[in-house]
There are 2 protein chains.
Amino acid sequence: MLPYTANTLKAELNSRGWRLTPQREKILHVFQNLPRGNHLSAEELYSLLDQRGETISLSTIYRSVKLMARMGILRELELAEGHKHYELNQPYPHHHHHMVCIQCNKTTEFNNDSILKHSLKQVEKFGFQLIDCQLTVMTICPEALRLGWPSALPSNWSCSRVISETPLEDEEN
Amino acid sequence: MLPYTANTLKAELNSRGWRLTPQREKILHVFQNLPRGNHLSAEELYSLLDQRGETISLSTIYRSVKLMARMGILRELELAEGHKHYELNQPYPHHHHHMVCIQCNKTTEFNNDSILKHSLKQVEKFGFQLIDCQLTVMTICPEALRLGWPSALPSNWSCSRVISETPLEDEEN
DNA sequence: AGATATTTGCTAATAATTCTCAATTATCAG
DNA sequence: CTGATAATTGAGAATTATTAGCAAATATCT
Ligand SMILES: [Mn+2]
Ligand SMILES: [Mn+2]
Ligand SMILES: [Zn+2]
Ligand SMILES: [Zn+2]
């Protein structure tokens, strides 16, 4: 289930009456060789392939990435304002979450199996079927803090209400 | 910090050189009286107010809701494709997460303090400042399952790869 | 009450994503 | 291997949520 090959992809596509195209194969390849912790937007994927001389139309990029996300091969993430990011969806042992700085969009991944476990418990309690769970932690990174956040932010920006002083001692909910 | 009044809002706005307007007050009022578990998009907020004869321009709706999210008064959520939803940001005792059906967008809230606790631990380990953390659990709801998902889905939809059979026993990460 | 910077409400502009459709091509049956 | 056929691509137009620009209105502070 984990090490996706072109053949695995073809089988899965064909089983649904769909086809393996060079474009889809190249896109899978990009994500498979993307260094851990990287995430690509449609636009970024487009230019990355374009620079390698393997141009794929932006329409096809958008279509493929959406299809592969719906197939569960890619994970669709909301890490920044305005556009989605994608990464390989690697279930259990590599499942991870994201911590994002809301000022500079720097993203840090972290593992935490108990979050997945809690989600699973929640989902089963209601008879739902789990597809994915993503914890997004919005933060201000140390650099932004050092630069005097919030005073260094654009004048229309503000975020006073933080939740870090909450009393949390016990483990279970 | 929790029961927001027009006065609290005014104080907080004024402290930043901003102003309390009838529009902002009305918007806060809507969210304060929104039944638990409800979430509004900008468009929905617009028509809700419009139906009550308290029309506020869509521009102002968008601006206010974004401002109040950045102030930490509202929480900005990605629960459905294509647009954001907002709800009151109620920190510790009322902090919650969301389980969404990726087919019909039905959303269920659930509480889990240990997720917040884990996030906080993670954030502090890196010297970041926590602003918010949102766990979004993507699922297929029982109704969609009963309707024969995925076969009942539009032909371009597919999601085979689920992560529900992962071996998760231990509690801590 | 008057001065002034902020906010509102129009409308126009952006920007990400989706749609349309003719041309291309992967798959499959023969 | 070859041809039939349905899926896919690429180019550009269309859509949609959201933001920007600006004159008129107004909240706040003397
Ligand atoms: Mn990641
Ligand atoms: Mn909620
Ligand atoms: Zn940052
Ligand atoms: Zn559903």
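By convention in this document, chain letters (A, B, ...) are assigned in the order of the sequence lines, proteins followed by strands, and residues within each chain are numbered from 1. The figures that follow rest on heavy atoms only: side chains count, while hydrogens, waters and symmetry mates do not.
- Checking A:Glu12 against A:Asn14 by side-chain atom types alone, no donor-acceptor pair falls below 3.5 Å.
- Defined by atom type and a distance below 3.5 Å, a donor-acceptor pair is missing between the side-chain atoms of A:Asn7 and A:Thr5.
- No side-chain donor-acceptor contact under 3.5 Å links A:Glu87 and A:Asn89.
- An OP1 or OP2 oxygen of C:dT8 is reached within less than 4.0 angstrom by no side-chain nitrogen or oxygen of B:Ser59.
- Rounded to an integer number of Å, the gap from CG of B:Leu58 to P of C:dA13 is 18 Å.
- You'll find the ring centres of B:His96 and B:His98 inside the 6.0 Å limit.
- Dashed line: the shortest gap from a side-chain N or O of A:Lys10 to OP1 or OP2 of C:dT27 is under 4.0 Å.
- A:Glu43 comes within contact range of no nucleotide atom at all, as no heavy-atom separation falls under 4.0 Å.
- Side-chain nitrogen and oxygen atoms of A:Arg63 include none within less than 4.0 Å of the OP1 or OP2 phosphate oxygen of D:dT8.
- The NE2 atom of B:His83 sits 13 Å away from the P atom of D:dT16 (whole-angstrom rounding).
- Phosphate contact (OP1/OP2 of D:dT9, side-chain N/O of A:Thr21, threshold under 4.0 Å): present.
- Residue A:Tyr62 has no polar side-chain atom (N or O) positioned under 4.0 Å from OP1 or OP2 of C:dT18.
- Residue A:Gln23 places at least one side-chain N or O under 4.0 Å from the OP1 or OP2 atom of D:dG10.
- To the nearest angstrom, C1' of C:dG9 lies 10 Å from OH of B:Tyr46.
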